[in-house]
S.K.: 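A single structure is presented below for examination.
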Amino acid sequence: MGSSVEQNILVTGGAGFIGTHTVVQLLKEGFKVSIIDNLDNSVIEAVDRVRELVGPDLSKKLEFNLGDLRNKGDIEKLFSKQRFDAVIHFAGLKAVGESVGNPRRYFDNNLVGTINLYETMAKYNCKMMVFSSSATVYGQPEKIPCMEDFELKAMNPYGRTKLFLEEIARDIHGAEPEWRIVLLRYFNPVGAHESGRIGEDPKGIPNNLMPYIQQVAVGRLPELNVYGHDYPTEDGSAVRDYIHVMDLADGHIAALRKLFADPKIGCTAYNLGTGRGTSVLEMVAAFEKASGKKIPIKLCPRRSGDATAVYASTERAEKELGWK
Ligand SMILES: NC(=O)c1ccc[n+]([C@@H]2O[C@H](COP(=O)([O-])OP(=O)(O)OC[C@H]3O[C@@H](n4cnc5c(N)ncnc54)[C@H](O)[C@@H]3O)[C@@H](O)[C@H]2O)c1
Ligand SMILES: O=c1ccn([C@@H]2O[C@H](COP(=O)(O)OP(=O)(O)O[C@H]3O[C@H](CO)[C@@H](O)[C@H](O)[C@H]3O)[C@@H](O)[C@H]2O)c(=O)[nH]1
């Protein structure tokens, strides 16, 4: 189904993991897309693969711009030559461990980059934004499932950049109510496009569970370290809400449609998760079953800063975005 009027969307960080999957869906839904990415954590081949997946016709509606949000001039260059109806803002750094060792890099990239983006959007009167937030803003929630109105607290510098950026969005909307901002709090994105042509391929040893399991499966790493087996959960391992990246991509389309359709949206946060908790050991078992490969594991102490169990309440996104 294409949209009736062709809307032009700026996608920051569109060459990355969630960005590429979302751009495929945007093009298929009839949007025109401009990506800005500095390729800090991605490669241009990923954009070539997006073109391959959508075919030559839809590819004509995709433009890639090499640029860095920390340079206001790079953003200005885009806005001065075309009008954007909305921005989907993925660009940012996301490695929790790295942010603890080098918080200034995170504040510079995530905060300065986003402030530059808001300034330029305001200048060109483009006041609709879908922002990549994270379940990390709930810290270790007192109750589960997490609901959007829970108290927010971040447990590391990366998480604090997401929390600050949510606060910045609420303040901007408070002062200038014409802004429409959707804050999407992703739970744990996993998986890849069904073609296998795009996906998550982190550089170096992965931090996240799913890419780590995959590398054990293909023999690149010998075994999976299971961090924590004495949590107060059914099997002792930690519980998360793993959401398929294509479902997440569709969540962005739903959020955009909501922005365009609802002048009263204001600045609203939505959880994007499945609403189901899965433990680390259950993930391993499910992967073994699906792949037919044995994943050797080693039970290790808890990883510092990890929460016991986090999963989403999906009610608000279901009710207001029509997304599940
Ligand atoms: N993947 C997750 O587990 C997860 C969970 C919650 C939230 N998020 C958030 O979602 C967003 C996208 O995550 P992802 O997994 O696709 O990450 P990713 O690293 O694959 O994609 C981010 C993209 O942004 C680009 N980028 C970074 N800084 C930039 C800058 N200053 N200027 C221009 N481009 C820049 C990178 O090169 C990369 O292509 C991030 O904001 C991340 O914090 C991710
Ligand atoms: O090699 C590994 C990697 C992870 N885990 C465990 O697996 C679970 C999930 O870990 P991970 O995949 O690293 O995700 P989270 O720590 O939940 O954090 C992710 O999900 C958050 C949103 O919920 C995002 O904000 C973060 O950026 C993103 O890394 C945790 O219990 C980890 O201890 C292991 O046991 N072994």
Side-chain angles (χ1 to χ4, degrees), residues 11-22 35-44 46-47 65-71 74-75 88-97 99 105-106 108-114 116-117 131-138 146 154-156 158-159 161-162 165 184-190 199-203 205-213 215-216 221 223-229 231 233 237-243 245 248-249 271-273 278-281 283-284 297-312:
V11 181
T12 77
F17 171 44
I18 306 171
T20 44
H21 292 82
T22 302
I35 293 175
I36 179 169
D37 200 301
N38 64 1
L39 303 181
D40 179 90
N41 195 38
S42 51
V43 290
I44 192 66
V47 180
N65 304 275
L66 183 64
D68 193 312
L69 298 186
R70 287 168 300 175
N71 300 329
D74 289 354
I75 315 173
I88 302 183
H89 178 32
F90 292 110
L93 302 176
K94 60 167 184 177
V96 173
S99 80
R105 178 166 144 80
Y106 276 67
D108 181 40
N109 199 86
N110 295 5
L111 300 182
V112 174
T114 305
N116 285 342
L117 181 62
F131 173 66
S132 297
S133 186
S134 166
T136 194
V137 299
Y138 294 115
C146 297
M155 294 161 74
N156 53 64
Y158 161 71
T161 66
K162 291 295 174 193
L165 289 168
L184 295 180
R185 295 181 183 151
Y186 313 148
F187 282 66
N188 292 52
V190 293
E200 188 176 24
D201 191 13
K203 294 169 186 159
I205 296 177
N207 295 303
N208 296 116
L209 180 64
M210 202 50 185
Y212 204 108
I213 293 181
Q215 296 212 3
V216 174
L221 292 167
E223 63 192 358
L224 172 75
N225 299 316
V226 173
Y227 298 126
H229 48 95
Y231 282 109
T233 59
S237 65
V239 167
R240 296 288 182 278
D241 184 335
Y242 297 93
I243 168 95
V245 66
L248 208 55
N271 289 336
L272 293 187
T278 306
S279 74
V280 173
L281 294 175
M283 279 297 272
V284 171
I297 61 165
K298 185 168 139 198
L299 297 178
C300 301
R302 296 178 183 190
R303 193 170 68 174
S304 92
D306 270 359
T308 302
V310 184
Y311 55 88

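Being a predicted model, the structure only gives us computed values, none of them experimental. Whatever order the structure lists ligands and atoms in, that order sets their numbers, starting from 1. The first residue of the sequence shown is numbered 1, and numbering continues consecutively from there.
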S.K.: Among all protein heavy atoms in this structure, tell me which lies nearest to atom 13 (O) of ligand 2, with the distance rounded to 0.1 Å.
M.R.: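 Closest protein heavy atom to atom 13 (O) of ligand 2: Arg303 NH2, 2.9 Å.
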S.K.: Identify the closest protein heavy atom to atom 19 (O) of ligand 1: which residue and atom is it, and at what distance?
M.R.: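 So the nearest neighbour among protein heavy atoms is Asn41 ND2, 2.7 Å.
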S.K.: In the protein, what heavy atom is nearest to atom 2 (C) of ligand 2, and what distance, to one decimal place, separates them?
M.R.: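 Protein heavy atom with the smallest distance to atom 2 (C) of ligand 2: Tyr227 CE1, 3.5 Å.
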S.K.: Answer side chain, backbone, both or neither: which part of Ile18 comes under 4.0 Å from ligand 1, heavy atoms only.
M.R.: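 Near ligand 1, Ile18 shows its backbone as well as its side chain.
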S.K.: Looking only at distances, can you tell me whether any N or O atom of Asp40, backbone or side chain, sits closer than 3.5 Å to an N or O atom of ligand 1?
M.R.: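 It does: an N or O of Asp40 is found under 3.5 Å from an N or O of ligand 1.
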S.K.: Can you pull out the closest protein heavy atom to atom 4 (C) of ligand 1? Residue, atom name and distance to 0.1 Å, please.
M.R.: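 The closest heavy atom on the protein side is Pro189 CG, 3.9 Å.
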S.K.: Considering only protein heavy atoms, which is closest to atom 27 (C) of ligand 1, and at what distance to one decimal place?
M.R.: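 Scanning the protein heavy atoms, the shortest distance from atom 27 (C) of ligand 1 goes to Gly92 N, 3.4 Å.
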S.K.: For Lys162, which part has a heavy atom under 4.0 Å from ligand 1: side chain, backbone, both, or neither?
M.R.: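 Side chain only.
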S.K.: Any idea which atoms of ligand 2 are less than 4.0 Å away from a heavy-atom of Val226?
M.R.: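 The atoms of ligand 2 under 4.0 Å from a heavy atom of Val226 are 35 (O).
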S.K.: Heavy atom of Tyr242 under 4.0 Å from ligand 2?
M.R.: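 Yes, Tyr242 has a heavy atom closer than 4.0 Å to ligand 2.
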S.K.: As an exercise, identify every atom of ligand 2 less than 4.0 angstrom from a heavy atom of Lys94.
M.R.: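 Result: 27 (O).
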S.K.: For Ser133, counting its heavy atoms only, list the atoms of ligand 1 lying under 4.0 Å from any of them.
M.R.: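 Counting atoms of ligand 1 from 1, those under 4.0 Å from Ser133 are 6 (C), 7 (C).
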S.K.: Could you tell me, atom by atom, which parts of ligand 2 come under 4.0 Å of a heavy atom of Thr136?
M.R.: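 Once the distances to Thr136 are compared, the set is 25 (O).
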S.K.: Look at the side chain of Asp241 and the backbone N and O of Phe187, then say whether any donor-acceptor pair between them is shorter than 3.5 Å.
M.R.: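 No; judged by distance alone, with no hydrogens or angles, the pair does not exist.
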S.K.: Which protein heavy atom lies closest to atom 29 (O) of ligand 2, and at what distance to 0.1 Å?
M.R.: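 Protein heavy atom at minimum distance: Asn208 ND2, 2.7 Å.
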S.K.: Which residue supplies the protein heavy atom nearest to atom 30 (C) of ligand 2, what is that atom called, and how far is it?
M.R.: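 Looking only at protein heavy atoms, the one closest to atom 30 (C) of ligand 2 is Asp306 OD2, 3.6 Å.
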S.K.: On a heavy-atom basis, I'd like to know which of Asn188, Val96, Val216, Leu281 is closest to atom 23 (O) of ligand 2.
M.R.: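 Shortest heavy-atom distance from atom 23 (O) of ligand 2: Asn188.
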S.K.: Which atoms of ligand 2 are found less than 4.0 Å from any heavy atom of Tyr158?
M.R.: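 Once the distances to Tyr158 are compared, the set is 25 (O), 27 (O).
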S.K.: Any idea which protein heavy atom is nearest atom 7 (O) of ligand 2, and the distance to it?
M.R.: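 For atom 7 (O) of ligand 2, the nearest protein heavy atom is Val280 CG2, 3.5 Å.
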S.K.: Check each heavy atom of Leu39 against ligand 1 and say whether those closer than 4.0 Å belong to the side chain, the backbone, both or neither.
M.R.: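 The answer is the backbone of Leu39.
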S.K.: Specify the protein heavy atom at minimum distance from atom 11 (C) of ligand 1: its residue, its atom name, and the distance to 0.1 Å.
M.R.: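 Nearest neighbour among protein heavy atoms for atom 11 (C) of ligand 1, to 0.1 Å: Phe90 O, 3.2 Å.
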S.K.: Would you indicate whether the side-chain heavy atoms of Ile205 and Tyr212 approach each other to under 4.5 Å?
M.R.: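 Yes, at least one pair of side-chain atoms sits under 4.5 Å.
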S.K.: So, does Asn65 use its side chain to make a donor-acceptor pair with the main chain of Ile36 at under 3.5 Å?
M.R.: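 Side chain of Asn65 to backbone of Ile36: no pair is present.
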S.K.: Nearest non-hydrogen atom to atom 37 (O) of ligand 1 belongs to which of Val96, Asp37, Asn109?
M.R.: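 That would be Asp37.
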S.K.: Among protein heavy atoms, which lies nearest atom 30 (C) of ligand 1, and at what distance?
M.R.: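 Among all protein heavy atoms, the one nearest atom 30 (C) of ligand 1 is Asn38 ND2, 3.4 Å.
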S.K.: Taking non-hydrogen atoms only, is Arg240 closer than 4.0 angstrom to ligand 2 via side chain, backbone, both or neither?
M.R.: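 It is the side chain that gets close, since no backbone atom is under 4.0 Å.
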S.K.: With a cut-off of 4.0 Å, which atoms of ligand 2 are near a heavy atom of Phe187?
M.R.: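 It comes down to these atoms of ligand 2: 22 (C), 23 (O).
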S.K.: Does Lys94 reach ligand 1 with a nitrogen or oxygen that is under 3.5 Å from one of the ligand's nitrogen or oxygen atoms?
M.R.: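 Among all N and O atoms of Lys94, at least one is under 3.5 Å from an N or O of ligand 1.
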S.K.: Note the single closest protein heavy atom to atom 24 (C) of ligand 2, along with its residue, its atom name and the distance in Å.
M.R.: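 It is Ser134 OG, 3.5 Å.
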S.K.: With heavy atoms under 4.0 Å as the rule, classify the contact between Asn225 and ligand 2 as side chain, backbone, both or neither.
M.R.: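 Contact part for Asn225 vs ligand 2: backbone (N, CA, C, O).
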S.K.: Please list, in number order, the atoms of ligand 1 under 4.0 Å from a heavy atom of Ser132.
M.R.: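 Here the atoms of ligand 1 in question are 9 (C), 10 (O), 11 (C), 41 (O).
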S.K.: Among all the protein's non-hydrogen atoms, which is closest to atom 31 (O) of ligand 2, and how far away is it?
M.R.: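 The answer is Ala238 CB, 3.2 Å.
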S.K.: Flag the pair Met283 / Tyr242 as yes when at least one side-chain heavy-atom distance between them is below 4.5 Å, and no otherwise.
M.R.: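 Met283 reaches Tyr242 side chain to side chain.
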S.K.: Which atoms of ligand 2 sit under 4.0 Å from any heavy atom of Tyr186?
M.R.: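 Going through ligand 2 atom by atom, the ones under 4.0 Å from Tyr186 are 22 (C).
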S.K.: Can Arg105 and Asp40 be counted as an ion pair, charged N to O under 4.0 angstrom?
M.R.: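 Judged by the 4.0 Å cut-off on N to carboxylate O distance, Arg105 and Asp40 do form a salt bridge.
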S.K.: Measure the distance from atom 20 (O) of ligand 1 to every protein heavy atom, then report the residue, atom name and distance (to 0.1 Å) of the closest one.
M.R.: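 In this structure, atom 20 (O) of ligand 1 has Phe17 N, 2.8 Å as its nearest protein heavy atom.
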S.K.: What is the minimum heavy-atom distance between Leu93 and Asn110, and which atoms define it?
M.R.: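 Heavy atoms only, the tightest pair is N-OD1, 2.9 Å.
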S.K.: Report the nearest protein non-hydrogen atom to atom 12 (O) of ligand 2: residue, atom name, distance rounded to 0.1 Å.
M.R.: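 Checking every protein heavy atom, the shortest distance to atom 12 (O) of ligand 2 gives Leu209 N, 2.8 Å.
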S.K.: Should you measure from each heavy atom of Leu69, which atoms of ligand 1 turn up under 4.0 Å away?
M.R.: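 Numbered from 1, ligand 1 contributes 30 (C), 31 (N), 32 (N), 33 (C).
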S.K.: Return the orientation label for the Phe131 and His89 ring planes: parallel under 30°, perpendicular over 60°, tilted otherwise.
M.R.: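 Phe131 and His89: tilted rings.
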S.K.: Tell me, do Leu165 and Leu111 make a side-chain contact under 4.5 Å, heavy atoms counted?
M.R.: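 Sidechains of Leu111 and Leu165: in contact.
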S.K.: For ligand 1, which atoms sit closer than 4.0 Å to a heavy atom of Gly67?
M.R.: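 Checking each atom against Gly67, I get 32 (N), 33 (C).
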S.K.: Looking only at protein heavy atoms, which one is nearest to atom 8 (N) of ligand 1, and how far off is it?
M.R.: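 The answer is Tyr186 CD1, 3.6 Å.
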S.K.: Looking just at side-chain N and O atoms, do Asn156 and Tyr106 make a donor-acceptor pair shorter than 3.5 Å?
M.R.: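 On atom types as modelled, these side chains do not qualify, holding no pair under 3.5 Å.
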S.K.: Between the side chain of Ser237 and the main-chain N/O of Leu281, is any donor-acceptor distance below 3.5 Å?
M.R.: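 Here the side-chain-to-backbone pair exists.
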S.K.: Identify the residue among Val284, Asn225, Val280 that makes a side chain to side chain contact (heavy atoms under 4.5 Å, CB included) with Ile297.
M.R.: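 Only match with Ile297 under side chain to side chain contact (heavy atoms under 4.5 Å, CB included): Val284.
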S.K.: Among Gly113, Gly13, Ser134, which one has a heavy atom closest to atom 23 (C) of ligand 1?
M.R.: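 Answer by nearest heavy atom: Gly13.
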S.K.: Looking only at protein heavy atoms, identify the closest one to atom 43 (O) of ligand 1 and say how far it is in Å.
M.R.: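 Ranked first by proximity to atom 43 (O) of ligand 1 is Tyr158 OH, 2.8 Å.
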S.K.: Heavy-atom pairs closer than 4.0 Å: do any link ligand 2 to the side chain of Asn207, the backbone, both, or neither?
M.R.: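 For Asn207, the contact with ligand 2 is made by the backbone alone.
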